[in-house]
Amino acid sequence: MRYVTAGESHGPEEIAVIEGIPAGLTISQEDVNEQLARRQRGYGRGDRQKIETDTVTFLTGIRHQITLGSPITLNVHNDDHNNWSKIMAPNEPATSENTLRKVMRPRPGHADLVGGMKYRHHDDLRNVLERSSARETTMRVAVGAVAKKLLAEIGVDVHGFVVNVGPAKSNMNDLIKYKNLQELRKVTESFDTRALNAEADEAIKEVIDKTKRAANTVGGQVQVIATGMPAGLGSYVSADTKLDAKIASAIVGINAFKGVQFGGGFENSEKYGDQVMDEIFWDEGRGFYRGSDNLGGFEGGMTTGEAIIVRGVVKPIPTLYRPMQSVDIDTHEDHRASIERSDTTAVTAAAVIAEAMVAIELSKAVLDKFDADNIERMKEQVAIYREELRKF
Ligand code: EPS
């Protein structure tokens with residue numbers, strides 16, 4: 001399975017093409033729209049989300065809500081394009097009227113300056129920011145929705161939520177209260193902040209309100225948990241076969257993500273070996289299992305069969321309403337950076353995006369190991385493999 005996205009933030013359309021989804025997977029527009037709506041919802045987002053109602057259209061690869069095995073094209077229209085139709089016109093030459101709103105003063109922390117230097121966009125850094133904008137994550141969530149449907153067929157569930165926004169943190173001890181991800185999902189999705197508990201929800205809202213009043217931005221951390229993956233996906237044999245490494249790359253590949261950890265992660269570096277390793281047990285029904293999950297579901301780059309626990313670090317959004325020192329790329333004079341419309345924080349959306357990215361990487365691993373032509377045959381093979389593991 002592989003995919004590519006295309007689209008500029010204020011251009012006409014966002015597109016994704018996915019190749020390698022087996023034939024026979026049932027999927028509806030509602031399945032995708034539900035995930036797109038989750039990404040749009042969240043405390044701290046700016047006015048752009050009031051303009052957009054992200055809805056998907058299936059253009060290829062699906063007939064009567066069932067995948068055909070051929071490339072799937074997903075399309076989401078940018079409603080805000082109506083306000084940018086001249087400036088972002090793909091089919092008209094540049095004129096003095098349709099090149100207004102140029103960006104000449106790069107924002108520190110955004111792709112503006114380096115992207116402009118690299119692609120020689122010396123006359124307008126909008127040519128960079130339109131694609132580097134996190135608007136593109138809409139399509140990753142759409143692809144993730146397809147991946148989540150595929151994973152659900154083999155009993156794999158994936159869910160993302162917010163650990164902290166700035167200094168306001170979820171009480172992570174509460175995680176043990178929930179038997180499965182369905183229960184956890186109900187709780188975290190009931191909060192506008194996707195926090196784990198009501199106290200954290202309140203505290204995070206306060207941090208966001210205060211940050212907004214100060215015309216500043218704030219980052220945080222999100223956590224994704226995936227349950228039901230069989231042991232032995234990914235491999236220890238070569239660096240590029242390790243599944244945890246692929247997930248790490250997918251997480252850091254999300255706009256504004258600057259770090260990733262599995263299980264106890266960075267805290268494990270402050271502990272001793274016998275506090276960190278997950279002890280091995282066996283019983284007739286389950287086969288092998290672990291007494292803890294400090295390694296976040298991975299050993300030797302392979303799934304252990306325990307829950308996969310991934311955390312991502314999101315930096316504050318670089319677009320500031322009280323902008324920082326920058327330099328005009330035309331005159332080379334000192335100037336404050338450009339002000340563009342933006343969010344106070346996108347950590348609440350980032351949890352949904354990280355969830356989608358984990359689902360995509362897990363789907364790729366499943367389809368690498370099992371049949372990718374037809375969903376029923378894939379399920380049969382997964383069942384045979386699970387039985388083999390149980391008897392090991
Ligand atoms: C973004 C800037 C803002 C965000 C955008 C990401 O766009 P705009 O300038 O149009 O308000 O709203 O996020 C989205 C559009 C979205 O759907 O998530 C940026 O610079 O990364």
Side-chain angles (χ1 to χ4, degrees), residues 5-16 32-33 35-56 74-88 100-103 105-116 121 124-145 160 194 208 211-212 215-220 222 253-258 314-321 323-324 326 337-357:
T5 71
E8 279 67 46
S9 180
H10 306 100
E13 307 292 334
E14 302 289 331
I15 304 272
V32 180
N33 290 344
Q35 300 307 320
L36 296 179
R38 284 180 66 215
R39 193 198 71 97
Q40 286 202 274
R41 206 167 55 226
Y43 206 80
R45 308 229 54 199
D47 289 341
R48 174 74 183 271
Q49 299 314 315
K50 292 180 193 145
I51 300 172
E52 305 292 344
T53 310
D54 292 340
T55 41
V56 76
L74 308 173
N75 173 214
V76 173
H77 180 67
N78 284 322
D79 291 335
D80 199 21
H81 180 66
N82 295 340
N83 304 317
W84 294 81
S85 56
K86 288 273 174 233
I87 289 171
M88 292 305 294
L100 302 172
R101 298 196 62 173
K102 284 188 178 200
V103 177
R105 294 156 191 173
R107 294 160 294 174
H110 219 290
D112 302 347
L113 179 60
V114 187
H121 289 311
D124 190 356
L125 297 175
R126 176 162 302 286
N127 292 336
V128 178
L129 75 88
E130 284 290 337
R131 179 62 185 165
S132 65
S133 161
R135 176 70 186 150
E136 183 265 349
T137 60
T138 307
M139 298 323 290
R140 298 201 222 176
V141 170
V143 175
R194 296 208 160 82
I208 294 172
T211 306
K212 189 173 182 183
N216 215 334
T217 60
V218 64
V222 299
I254 306 169
N255 313 45
F257 275 65
K258 283 296 193 184
V314 190
K315 75 172 188 227
I317 286 169
T319 307
L320 301 176
Y321 284 103
M324 296 171 75
S326 184
S338 284
I339 299 177
E340 296 289 313
R341 179 181 58 191
S342 191
D343 308 319
T344 306
T345 188
V347 177
T348 45
V352 180
I353 302 160
E355 175 187 306
M357 294 313 295

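Counting starts at 1 for both ligands and their atoms, in listed order. Each residue takes its place number in the sequence, starting with 1.
- The protein heavy-atom contact nearest to atom 21 (O) of ligand 1 is A134 N, 2.9 Å.
- For atom 7 (O) of ligand 1, the closest non-hydrogen atom of the protein is R48 NH1, 3.9 Å.
- Side chain to side chain, S326 and R105 fail the donor-acceptor criterion of an N or O pair below 3.5 Å.
- A donor-acceptor contact closer than 3.5 angstrom is absent between the side chains of N78 and E13.
- Between the side chains of T5 and R140, no donor-acceptor pair of N or O atoms lies under 3.5 Å.
- A donor atom on one side chain and an acceptor atom on the other are not found under 3.5 Å apart for H10 and R101.
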Let me see the working for D80 and N83 under side chain to side chain donor-acceptor pair (under 3.5 Å), right down to the final yes or no. CA-CA 6 Å; D80 199 21; N83 304 317; 2.7 Å; yes
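- At under 3.5 Å, a nitrogen or oxygen of H10, whether backbone or side chain, sits near a nitrogen or oxygen of ligand 1.
- Residue contact annotation: Q40 has no non-hydrogen atom under 4.0 Å from ligand 1.
- Scanning the protein heavy atoms around atom 20 (O) of ligand 1, the nearest turns out to be H110 NE2, 3.2 Å.
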Steps toward salt bridge (Lys or Arg N to Asp or Glu O under 4.0 Å) verdict (R135, E8): CA-CA 8 Å; R135 176 70 186 150; E8 279 67 46; over 6 Å; no
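- Shortest contact from atom 17 (O) of ligand 1 to any protein heavy atom: R39 NH2, 2.6 Å.
- When the heavy-atom distances from atom 15 (C) of ligand 1 to E14, K50, R135, E130 are ranked, the shortest goes to R135.
- The protein heavy atom nearest to atom 4 (C) of ligand 1 is D343 OD2, 4.0 Å.
- In summary, of the residues considered (T345, D343, T319, I317), a side chain to side chain contact (heavy atoms under 4.5 Å, CB included) with T217 occurs for I317 alone.
- Judged by distance alone, the side chains of S9 and R131 never bring a donor and an acceptor atom under 3.5 Å apart.
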Would you please test R38 and R194 for side-chain contact (heavy atoms from CB on, under 4.5 Å) and show each step? CA-CA 10 Å; R38 284 180 66 215; R194 296 208 160 82; 3.5 Å; yes
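- Neither the backbone nor the side chain of E52 has a heavy atom within less than 4.0 Å of ligand 1.
- Among all protein heavy atoms, the one lying closest to atom 13 (O) of ligand 1 is R45 NH2, 3.8 Å.
- Only the side chain of Q49 comes within contact range of ligand 1, with a heavy atom under 4.0 Å; no backbone atom does.
- Atom 5 (C) of ligand 1 has its closest protein heavy atom at S133 OG, 3.9 Å.
- Protein heavy atom nearest atom 9 (O) of ligand 1, with residue, atom name and distance: R341 O, 3.1 Å.
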